[in-house]
Participant: 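Please see the structure below; I have some questions.
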Amino acid sequence: MVLITLIGETQARIGNRFYFVGPLTECRECRLRGVCFNLEPGSLYEVVALRDAVHECPIHEGSVRVVEVERKPIPAAVLQKHAIDGSTITFESMKCNNLGCENRNYCVPMSIKDGTKLKITDVIGDLECSEGENVALVKLG
């Protein structure tokens, strides 16, 4: 499903992906806040089309552009026993103590809060775990 939103002019490129972190307190009086904040916090989005409209914005280096975005699945690690394509899980990040692990961003994704219910949209495959856990890389939507 395509959504209309506003993003900084420098980020407004087709194919650009970004995580929406939520509304900024500085924006609560802006007349355009409804368009900027119509996305789901913590979700990954991709710009699929640019529109001509540009608006002034003190937060985004002077201007924001109207864009069309699509929500994208978020790659994450789950225990292999939970990695079932199409299933809905209550996400719990892996307990990883290895800060240098190359897969840590999947095991402890910053954009997903523990306890969030998400659907596994794709099982990508096994993921090597430095802590010895049996984990799989999946896409969550």
Side-chain angles (χ1 to χ4, degrees), residues 1-131 133-141:
M1 180 170 110
V2 174
L3 299 167
I4 306 298
T5 192
L6 299 169
I7 63 172
E9 183 77 40
T10 58
Q11 291 86 30
R13 299 181 313 279
I14 292 176
N16 186 38
R17 289 185 172 195
F18 63 94
Y19 287 97
F20 179 66
V21 295
L24 301 171
T25 56
E26 298 93 329
C27 302
R28 71 176 152 240
E29 300 299 321
C30 178
R31 64 183 176 82
L32 300 172
R33 72 182 172 279
V35 181
C36 285
F37 302 141
N38 64 343
L39 305 179
E40 188 173 327
S43 294
L44 177 63
Y45 293 91
E46 181 177 334
V47 177
V48 295
L50 305 176
R51 300 235 175 141
D52 292 333
V54 176
H55 300 278
E56 288 184 27
C57 174
I59 304 298
H60 286 281
E61 301 172 9
S63 63
V64 289
R65 176 175 291 273
V66 178
V67 296
E68 297 176 21
V69 298
E70 286 182 349
R71 187 174 175 199
K72 294 296 186 182
I74 300 170
V78 298
L79 292 173
Q80 283 181 346
K81 66 182 179 182
H82 299 302
I84 301 167
D85 196 6
S87 67
T88 299
I89 63 167
T90 300
F91 184 79
E92 294 296 328
S93 58
M94 306 299 292
K95 306 305 176 219
C96 181
N97 295 313
N98 184 356
L99 297 178
C101 179
E102 64 184 14
N103 294 320
R104 192 168 201 292
N105 289 338
Y106 299 128
C107 295
V108 188
M110 295 177 61
S111 63
I112 306 174
K113 292 181 183 177
D114 284 353
T116 303
K117 290 193 182 300
L118 296 162
K119 182 177 182 180
I120 296 177
T121 60
D122 191 18
V123 177
I124 298 168
D126 294 344
L127 194 63
E128 194 171 314
C129 176
S130 62
E131 300 280 317
E133 296 287 343
N134 293 321
V135 297
L137 182 61
V138 300
K139 289 188 178 182
L140 301 171

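Because the structure is a prediction, the values reported are computed rather than measured.
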Participant: With a 6.0 Å cut-off (strictly less than), is the heavy-atom count around NZ of Lys72, excluding the residue itself, greater than 12?
Facilitator: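 More than 12 heavy atoms, drawn from other residues, nucleotides or ligands, come within 6.0 Å of this atom.
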
Participant: Is there a side-chain contact between Thr5 and Asn38 (heavy atoms, below 4.5 Å)?
Facilitator: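 Side-chain contact under 4.5 Å: yes.
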
Participant: Over all heavy atoms of both residues, which pair between Asn98 and Ser130 is shortest? Give the atoms and the distance, please.
Facilitator: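 Reported closest heavy-atom pair: ND2-OG, 3.0 Å.
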
Participant: Quick one: closest heavy-atom pair of Ala76 and Ile112, and the distance?
Facilitator: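 The answer is CB-CD1, 4.3 Å.
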
Participant: Can you check whether Asn134 reaches Leu79 side chain to side chain, under 4.5 Å on heavy atoms?
Facilitator: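 They are not in contact (no side-chain heavy atoms under 4.5 Å apart), so the answer is no.
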
Participant: So, the side chain of Arg51 versus the backbone of Arg65: is there a donor-acceptor pair under 3.5 Å, distance only?
Facilitator: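 Flag not set: sc Arg51 to bb Arg65 has no pair under 3.5 Å.
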
Participant: Give me the atom names and distance for the closest heavy-atom approach of Ala83 to Ile120.
Facilitator: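 That closest heavy-atom pairing would be CA-CD1, 4.1 Å.
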
Participant: Checking Lys117 against Thr90 for the side chain to side chain donor-acceptor pair (under 3.5 Å) test, could you report, in this order, the C-alpha distance in whole Å, the side-chain angles of both residues, the deciding distance, and whether it holds?
Facilitator: CA-CA 4 Å; Lys117 290 193 182 300; Thr90 300; 3.0 Å; yes

Participant: Can you tell me how far apart CG (Asn97) and CG (Leu99) are? Round to the nearest 0.5 Å.
Facilitator: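 Taking CG in Asn97 and CG in Leu99, the distance rounds to 8.0 Å.
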
Participant: For residues 13-25, run the donor-acceptor check on the side chains, cut-off 3.5 Å, and write out each pair with its distance to 0.1 Å, sequence neighbours left out.
Facilitator:
| from | atom 1 | to | atom 2 | distance (Å) |
| --- | --- | --- | --- | --- |
| Arg13 | NH1 | Thr10 | O | 2.9 |
| Arg13 | NH2 | Asn16 | OD1 | 3.4 |
| Asn16 | ND2 | Gln11 | O | 2.7 |
| Arg17 | NE | Glu46 | OE1 | 3.0 |
| Arg17 | NH2 | Glu46 | OE1 | 3.0 |

Participant: Can you find a pair of side-chain heavy atoms, one from Met94 and one from Tyr106, that are under 4.5 Å apart?
Facilitator: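 Met94 vs Tyr106: side chains apart.
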
Participant: Kindly give the heavy-atom pair with the smallest separation between Ser63 and Val54, and that separation in Å.
Facilitator: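 Smallest interatomic distance, heavy atoms only, reads CB-CG1, 3.7 Å.
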
Participant: Check the surroundings of atom NZ in Lys95: do more than 12 heavy atoms from other residues, nucleotides or ligands lie under 6.0 Å from it?
Facilitator: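 Enclosed: over 12 neighbouring heavy atoms sit under 6.0 Å from NZ of Lys95.
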
Participant: Is a side-chain donor or acceptor of Arg104 paired with a backbone partner of Cys101 at a separation under 3.5 angstrom?
Facilitator: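 No, because the side chain of Arg104 does not come within donor-acceptor range (under 3.5 Å) of the backbone of Cys101.
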
Participant: Decide yes or no for Pro73 and Asp122: does some side-chain heavy atom of the first lie under 4.5 Å from some side-chain heavy atom of the second?
Facilitator: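 No. Closest side-chain heavy atoms not under 4.5 Å.
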
Participant: Got Arg71 and Leu3 here, is their nearest side-chain heavy-atom distance under 4.5 Å?
Facilitator: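 Counting from C-beta outward, Arg71 and Leu3 never come under 4.5 Å.
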
Participant: CZ of Phe91 to NE2 of His82: how many Å apart, nearest 0.5 Å?
Facilitator: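 Rounded to the nearest 0.5 Å, the CZ-NE2 separation comes to 11.0 Å.
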
Participant: Would you indicate whether Glu26, at its atom CD, is surrounded by more than 12 heavy atoms from other residues, nucleotides or ligands within a distance under 6.0 Å?
Facilitator: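 Buried by this count: over 12 neighbours within 6.0 Å.
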
Participant: Can you measure from CG (Leu137) to CD1 (Ile124) and round to the nearest 0.5 angstrom?
Facilitator: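 Reported value, rounded in 0.5 Å steps: 4.0 Å.
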
Participant: Could you state the interatomic distance from CD (Glu128) to CD (Glu102), rounded to the nearest 0.5 Å?
Facilitator: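 If I round to the nearest 0.5 Å, the distance is 7.0 Å.
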
Participant: Give me the atom names and distance for the closest heavy-atom approach of Cys129 to Val135.
Facilitator: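 Looking at all heavy atoms of both residues, the closest pair is CB-CG2, 4.0 Å.
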
Participant: Please round to the nearest 0.5 Å and tell me the distance separating atom OG of Ser111 and atom CG of Asn105.
Facilitator: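 If I round to the nearest 0.5 Å, the distance is 10.0 Å.
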
Participant: To the nearest 0.5 Å, tell me how far Thr116 OG1 sits from Asp114 CG.
Facilitator: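 So the gap between those two atoms works out to 7.5 Å.
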
Participant: Any side-chain heavy atom of Ile89 within less than 4.5 Å of one from Leu140?
Facilitator: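 The answer is yes; the side chains approach within 4.5 Å.
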
Participant: Side-chain contact, heavy-atom cut-off 4.5 Å: Asp126 with Gln80?
Facilitator: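 The answer is yes, as the side chains (C-beta and beyond) meet within the 4.5 Å cut-off.
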
